[in-house]
Trainee: 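Quick one: the structure is below, questions incoming.
Worth knowing before you read on, the calculation uses all heavy atoms, side chains too, and leaves out hydrogens, waters and symmetry mates. When a residue number appears, it is its place in the shown sequence, counting from 1. None of the values given here were measured: they were computed from a predicted structure.
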Amino acid sequence: MAVTQRRGRRIMMSPGELDAFLTEQRTCRVATVSTDGRPHVGALWFAWDGDALWLYSITRSRRWAQLRRDPRIAVVVDDGEEYGELRGAELSGAAVFVGEAPRTGAPCPELDVPERLFARKYFDVDTMPHDGRHAWLRLTPESVASWDFRKLSLL
């Protein structure tokens with residue numbers, strides 16, 4: 001994963017800070033490209049496994065159809081209310097479809113970790129509930145930019 005940040009290096013998150021941030025946050029905004037080139041942005045829950053962002057998307061969504069046509073994706077995860085509290089990360093790359101679509105729970109070893117993380121994070125259970133409407137997308141970031149304005153007080 002390339003750090004593409006030129007400006008703001010003093011407020012970018014360290015790898016450990018970024019890992020902790022992505023692990024604890026609950027909602028991200030996902031940008032895809034429509035057929036006419038316009039961006040489409042929607043919110044999703046996600047799981048971070050330390051290397052990839054796992055997105056659980058409805059397979060009949062606009063997002064899903066757009067990613068089938070063009071896998072380019074950008075995701076923003078952010079937090080904070082006041083200016084000095086703002087922090088976040090933008091991850092971009094290509095979405096990869098993993099497992100059956102829609103997901104019904106058929107064995108897929110590649111999904112063992114993300115499904116366990118997701119089930120614990122959002123449902124407080126150890127086994128992922130499947131509704132037959134969602135499926136998995138994996139974003140292994142090609143580039144990442146991050147910011148933590150809380151560091152401004154330390155400068």
Trainee: If you define the side chain from C-beta out and look only at heavy atoms, does anything of L22 sit under 4.5 Å from L91?
Mentor: yes
Trainee: To check you understand the geometry: which heavy-atom pair defines the closest contact between W147 and D78, and what is its length?
Mentor: CZ2-CB, 4.3 Å
Trainee: Taking only residues two or more places apart in sequence, or in another chain, which ones meet D19 in a side-chain hydrogen bond (donor to acceptor under 3.5 Å, both in side chains)?
Mentor: W48
Trainee: Can you establish whether the number of heavy atoms outside R60 located under 6.0 Å from its atom CZ is more than 12?
Mentor: no
Trainee: Return the minimal non-hydrogen interatomic distance between F21 and A89, and the atom names on each side.
Mentor: CE2-N, 4.1 Å
Trainee: I need the E115 CD to H130 NE2 distance, nearest 0.5 Å.
Mentor: 4.0 Å
Trainee: From S61 OG over to L67 CG, what is the distance, rounded to the nearest 0.5 angstrom?
Mentor: 8.0 Å
Trainee: Just grab all the ring-ring contact (aromatic ring centres under 6.0 Å, His included) pairs involving residues 89-115, residues at least two apart or on different chains.
Mentor: W64-F97
Trainee: So, using salt bridge (Lys or Arg N to Asp or Glu O under 4.0 Å) as the criterion, who are the partners of R133 when residues are at least two apart?
Mentor: D131
Trainee: Report the residues that fulfil ring-ring contact (aromatic ring centres under 6.0 Å, His included) with Y56, sequence neighbours left out, ordered by chain and then residue number.
Mentor: F118, H134, W136
Trainee: Identify the two heavy atoms, one from A135 and one from T59, that lie closest to each other, and give their separation to 0.1 Å.
Mentor: CB-CG2, 3.5 Å
Trainee: Listed by chain and number, what are the side chain to side chain contact (heavy atoms under 4.5 Å, CB included) partners of A65, not counting sequence neighbours?
Mentor: none
Trainee: Tell me, please, which residues at least two apart from R63 pass salt bridge (Lys or Arg N to Asp or Glu O under 4.0 Å).
Mentor: none
Trainee: Looking at residues at least two apart in the chain, or sitting in another chain, which of them share a salt bridge (Lys or Arg N to Asp or Glu O under 4.0 Å) with R72?
Mentor: D70
Trainee: Using a 3.5 Å cut-off and no angle test, enumerate the donor-acceptor pairs between side-chain atoms of residues 38-45 and protein atoms at least two apart in sequence or in another chain.
Mentor:
residue : atom : partner : partner atom : Å
R38     : NE   : D36     : OD1          : 3.3
R38     : NE   : D36     : OD2          : 2.8
R38     : NH2  : D36     : OD2          : 2.8

Trainee: Looking at M12, is its backbone amide N or carbonyl O close enough to the side chain of K151 to form a donor-acceptor pair, meaning the two atoms are under 3.5 Å apart?
Mentor: yes
Trainee: What residues form a side chain to side chain contact (heavy atoms under 4.5 Å, CB included) with A74, not counting sequence neighbours?
Mentor: A31, E90, S92
Trainee: If only atom types and distance count, is the side chain of K121 paired as donor or acceptor with the main-chain N or O of E24 below 3.5 Å?
Mentor: no
Trainee: Less than 4.5 Å apart, any side-chain heavy atom of V98 and any of L137?
Mentor: no
Trainee: Among the clusters formed by ILVMFWY side chains lying less than 4.5 Å apart, do M128 and V113 turn up in the same one?
Mentor: no
Trainee: What is the distance from atom CG of D79 to atom CZ of R26, rounded to the nearest 0.5 Å?
Mentor: 12.5 Å
Trainee: Would you say V144 ends up clustered with V96 if hydrophobic residues are merged whenever their side chains have heavy atoms under 4.5 Å apart, either directly or through other cluster members?
Mentor: yes
Trainee: Main chain of T104, side chain of E100: is a donor-acceptor contact present, judged purely on distance under 3.5 Å?
Mentor: yes
Trainee: Please report the shortest heavy-atom distance between P141 and A52, naming the atom on each side.
Mentor: CD-CA, 4.4 Å
Trainee: Using the rule that Ile, Leu, Val, Met, Phe, Trp and Tyr join whenever any side-chain heavy atoms are under 4.5 Å apart, tell me whether L55 and F123 fall into a single cluster.
Mentor: yes
Trainee: Among pairs that include at least one residue of residues 39-50, which meet salt bridge (charged side-chain N to carboxylate O under 4.0 Å, His left out), considering only residues two or more places apart or in two chains?
Mentor: none
Trainee: For the atom pair CZ (F46) and CG (L53), what is the distance rounded to the nearest 0.5 Å?
Mentor: 5.5 Å
Trainee: Out of curiosity, does Y122 fall in the hydrophobic cluster containing W54 (side-chain heavy atoms, cut-off under 4.5 Å, transitive links)?
Mentor: yes
Trainee: Sort and list the pairs that fulfil ring-ring contact (aromatic ring centres under 6.0 Å, His included) and have at least one residue in residues 70-95, not counting sequence neighbours.
Mentor: Y83-F149
Trainee: Check whether any side-chain heavy atom of D51 lies under 4.5 Å from a side-chain heavy atom of T140, and answer yes or no.
Mentor: no
Trainee: Can you name the nearest heavy-atom pair linking R103 to L111, along with the distance?
Mentor: NE-CD1, 3.3 Å
Trainee: What pairs with E110 under salt bridge (Lys or Arg N to Asp or Glu O under 4.0 Å), at least two apart in sequence or on another chain?
Mentor: R138
Trainee: Between R116 and D126 (salt bridge meaning N to carboxylate O under 4.0 Å), is one present in this structure?
Mentor: no
Trainee: For A47 and P114, which heavy atoms make the closest approach, and how far apart are they?
Mentor: CB-O, 4.1 Å
